[in-house]
Structures are given as structure tokens and as C-alpha cells.
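Before any comments, here is the structure.
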Amino acid sequence: HPKIIKYIEQMLGIEYIVNDGQVLVRDKKAKKTLPYYMASTSVRTLSDLHFWLKHQATKNSILFIDEPELNLHPENQIKIARLLVKLVNAGIKVFITTHSDYIIKELNNLLTLENDFPEKKALMKEFGYTKDEILAAEKLKAYIVKDGGVTLVKTDELGMIESGFDEAILQINEISNRIASAVEKQTV
């Protein structure tokens, strides 16, 4: 999994180093090395995954992550979705729970890229997707837990049919639009 390990470090802009049993973090931009405990929360959070991949994970390993989006900027939540698919495509079984619309939308993009269509190659290049980030529908089992029940999410050529967040997103967008409209009327 060296490429996946490197992906984590590139995503964070750091390098994990172990020196005399002490974990250090080298910030590639600032060119500084800090003790692990002084690193950002996201760097500390992903270190466990990094070291597990580097020293323990094998094909058919199982990885459970509860809310991988915690402490991550939205850009890194999107990158985490890509990382999860890289892991699945490397033969690791991944189970997550999430409340991140960013992760769900990116997983959806990666599912949709499984289709063959004329602009696929150009879009993959433009947005930086790699072949190991394409998610085959048969490798995904998604469930929505709502109102005390569990529902399997169905997929089609456009990805997951329901995300579980659609109603909340529509509601907050409607509220924002109505408030903005009321403010604009006031200032006109």
C-alpha cells in the first residue's frame, strides 16, 4: 500500500517519521519537524490509519472508521472519500459511518465514473481522478439509518439514488434563499 500511504501524507502535506520510538511529523511546506502531539488534529487522527496501512494491513483486512470526516476540512473530506475507494480497490474491506455530504457526494462521483462516456477521460484528468479511485457499484453497500429503520441504498448509472441528506440540504438552502431574499428586499 505504498501509494496509499503516500496519498495520505500528500493530502496532509506532511511526512510521518519514527525516530527512537518517537513519532514526529515533518511539515513539507514549512520544512519543520514537530513532535506528534503538536500536530493538527487531522494529522493525529489519520496517523493511526497511516501506520495501520504501513505495518499491518493486508488484502482482505477489514477497516472500520466511525465518521472519517471528523476534524477534516471539506477538501480533505473529499480526499478521504477517494482514499476509502483506493483502499476498497486494493482489497481492503471498508466500513464507515458518516454524516458528511462531501464524502457521500464524492463516493457518488466515483461510482458514476464507472460508466463509459465520451468525456470521461477528460473529466478524470481535469479533476485529478485516477483509475484506482473509480468505484464499481458491486463493491458498495450503503445503508441509511432513519426513523428506527435501515434501508439499503440503491444505485444506478448516476450513483446512489438517495443520500440521506437530501431533505436537510434542500431545507437549509431554502432557508438561506428566503433570508437573503428578505434582506435584499429591505436594502432595495
Side-chain angles (χ1 to χ4, degrees), residues 1 3-14 16 39-54 57 61-115 120 123-147 149-176:
H1 311 286
K3 285 183 180 180
I4 298 173
I5 291 165
K6 187 174 182 166
Y7 180 84
I8 293 171
E9 291 181 344
Q10 286 175 334
M11 179 175 88
L12 298 169
I14 58 96
Y16 293 102
S40 71
T41 307
S42 58
V43 168
R44 291 192 318 267
T45 300
L46 290 175
S47 68
D48 291 339
L49 178 59
H50 178 275
F51 285 107
W52 179 76
L53 286 168
K54 190 170 185 176
S61 288
I62 300 174
L63 174 65
F64 288 90
I65 304 177
D66 184 31
E67 299 184 3
E69 68 271 14
L70 293 179
N71 304 309
L72 293 180
H73 185 279
E75 284 179 12
N76 282 342
Q77 290 181 42
I78 292 166
K79 290 176 183 175
I80 273 291
R82 291 183 182 196
L83 171 67
L84 296 172
V85 172
K86 286 176 184 286
L87 293 171
V88 167
N89 287 333
I92 294 174
K93 293 171 180 61
V94 177
F95 294 83
I96 68 165
T97 58
T98 186
H99 293 99
S100 170
D101 191 48
Y102 297 104
I103 289 175
I104 297 299
K105 284 188 185 298
E106 186 64 358
L107 289 174
N108 218 42
N109 289 339
L110 301 173
L111 275 168
T112 305
L113 284 171
E114 182 187 22
N115 296 295
K120 178 178 176 175
L123 287 170
M124 286 184 67
K125 184 177 180 179
E126 179 180 348
F127 296 115
Y129 290 111
T130 58
K131 289 180 182 180
D132 63 342
E133 294 171 341
I134 295 174
L135 179 59
E138 63 269 7
K139 291 184 177 182
L140 173 80
K141 293 283 188 259
Y143 300 89
I144 295 175
V145 178
K146 187 176 177 183
D147 300 327
V150 178
T151 307
L152 176 66
V153 175
K154 294 179 180 138
T155 61
D156 64 14
E157 69 279 354
L158 297 177
M160 290 180 266
I161 295 172
E162 183 183 1
S163 75
F165 304 120
D166 298 335
E167 286 177 33
I169 291 167
L170 290 172
Q171 182 180 19
I172 195 66
N173 285 341
E174 174 65 21
I175 292 168
S176 295

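Just so we're clear, the structure is a prediction, and the values are computed from it rather than from any experiment.
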Which atoms form the tightest heavy-atom contact between Glu133 and Val85, and what is the distance?
O-CG1, 3.3 Å

Under the side-chain contact (heavy atoms from CB on, under 4.5 Å) test against Thr98, which residue among Leu107, Ile104, Ile80 passes?
Ile104

Closest approach of Leu84 to Pro68 (non-hydrogen atoms, all atoms of both residues)
CD1-CG, 4.5 Å

Does any part of the side chain of Leu83, heavy atoms only, come nearer than 4.5 Å to the side chain of Ile4, both counted from C-beta?
yes

Using atom types as modelled and distance alone, determine if a side-chain donor or acceptor of Glu114 lies under 3.5 Å from a backbone N or O of Ala137.
yes

Those residues at least two apart in sequence (or on a different chain) that pass ring-ring contact (aromatic ring centres under 6.0 Å, His included) with Tyr7 are none

Lys79 side, atom NZ; Lys86 side, atom NZ - distance, nearest 0.5 Å
11.5 Å

Between Met160 and Ala142, which heavy-atom pair has the shortest distance, and what is it?
SD-CB, 4.0 Å

Under 3.5 Å donor-acceptor, Asp66 side chain and Thr97 backbone:
no

Could you report the tightest heavy-atom contact between His1 and Ile92, atom names first, then the distance?
CE1-CD1, 3.8 Å

With side chains defined as the heavy atoms from C-beta onward, is the minimum distance between Leu111 and Leu140 less than 4.5 Å?
yes

Checking side-chain polar atoms at under 3.5 Å, does Asn71 have a donor or acceptor matched by the opposite partner on Ser42?
no

Nearest heavy-atom contact between Glu69 and His99 is OE2-N, 3.0 Å

Can you list every ring-ring contact (aromatic ring centres under 6.0 Å, His included) pair that touches residues 61-95, not counting sequence neighbours?
Phe64-Phe95

Within the distance-only criterion (no hydrogens, no angle test), does the side chain of Ser176 pair as donor or acceptor with the backbone N or O of Asn173 below 3.5 angstrom?
no

Does His50 have any ring-ring contact (aromatic ring centres under 6.0 Å, His included) partners at least two apart in sequence or in another chain, and if so, which?
Tyr16

Walk me through it: do Trp52 and Leu63 pass the test side-chain contact (heavy atoms from CB on, under 4.5 Å)?
CA-CA 10 Å; Trp52 179 76; Leu63 174 65; 3.9 Å; yes

If you draw a 6.0 Å radius around CD in Glu138, do more than 12 non-hydrogen atoms from other residues or ligands fall strictly inside?
yes

Side-chain donor or acceptor of Asn108 paired with backbone N/O of Leu158 under 3.5 Å
yes

Do Arg82 and Leu110 come within less than 4.5 Å of each other through their side chains, counting heavy atoms only?
yes

Is there side-chain contact between Asp101 and Ile169, with heavy atoms separated by less than 4.5 Å?
yes

Nearest heavy atoms of Met124 and Ile134, plus distance in Å:
CE-CD1, 3.7 Å

Which value, rounded to the nearest 0.5 Å, describes the distance between Leu12 atom CG and Ser40 atom OG?
6.5 Å

Can any side-chain N or O of Gln77 pair as donor or acceptor with the backbone N or O of Tyr102 at less than 3.5 Å?
no

Val153/Tyr143 under side-chain contact (heavy atoms from CB on, under 4.5 Å): CA gap, chis, key distance, verdict
CA-CA 5 Å; Val153 175; Tyr143 300 89; 5.7 Å; no

Met11 versus Leu46: any side-chain heavy-atom pair under 4.5 Å?
yes

Is it true that the side chains of Lys131 and Asn89 contain a donor and an acceptor less than 3.5 Å apart?
no

Has Lys120 got a side-chain atom pairing as donor or acceptor with Leu113's backbone, closer than 3.5 angstrom?
yes

Is the shortest heavy-atom distance from the side chain of Ile78 to the side chain of Ile103 under 4.5 Å?
no

NZ (Lys105) and OG1 (Thr112) are apart, to the nearest 0.5 Å, by 11.0 Å

Would you sort out whether Leu53 and Leu87 count as a side-chain contact (heavy atoms from CB on, under 4.5 Å), showing the intermediate values?
CA-CA 9 Å; Leu53 286 168; Leu87 293 171; 3.4 Å; yes

I need the Ile8 CD1 to Phe51 CZ distance, nearest 0.5 Å.
10.5 Å

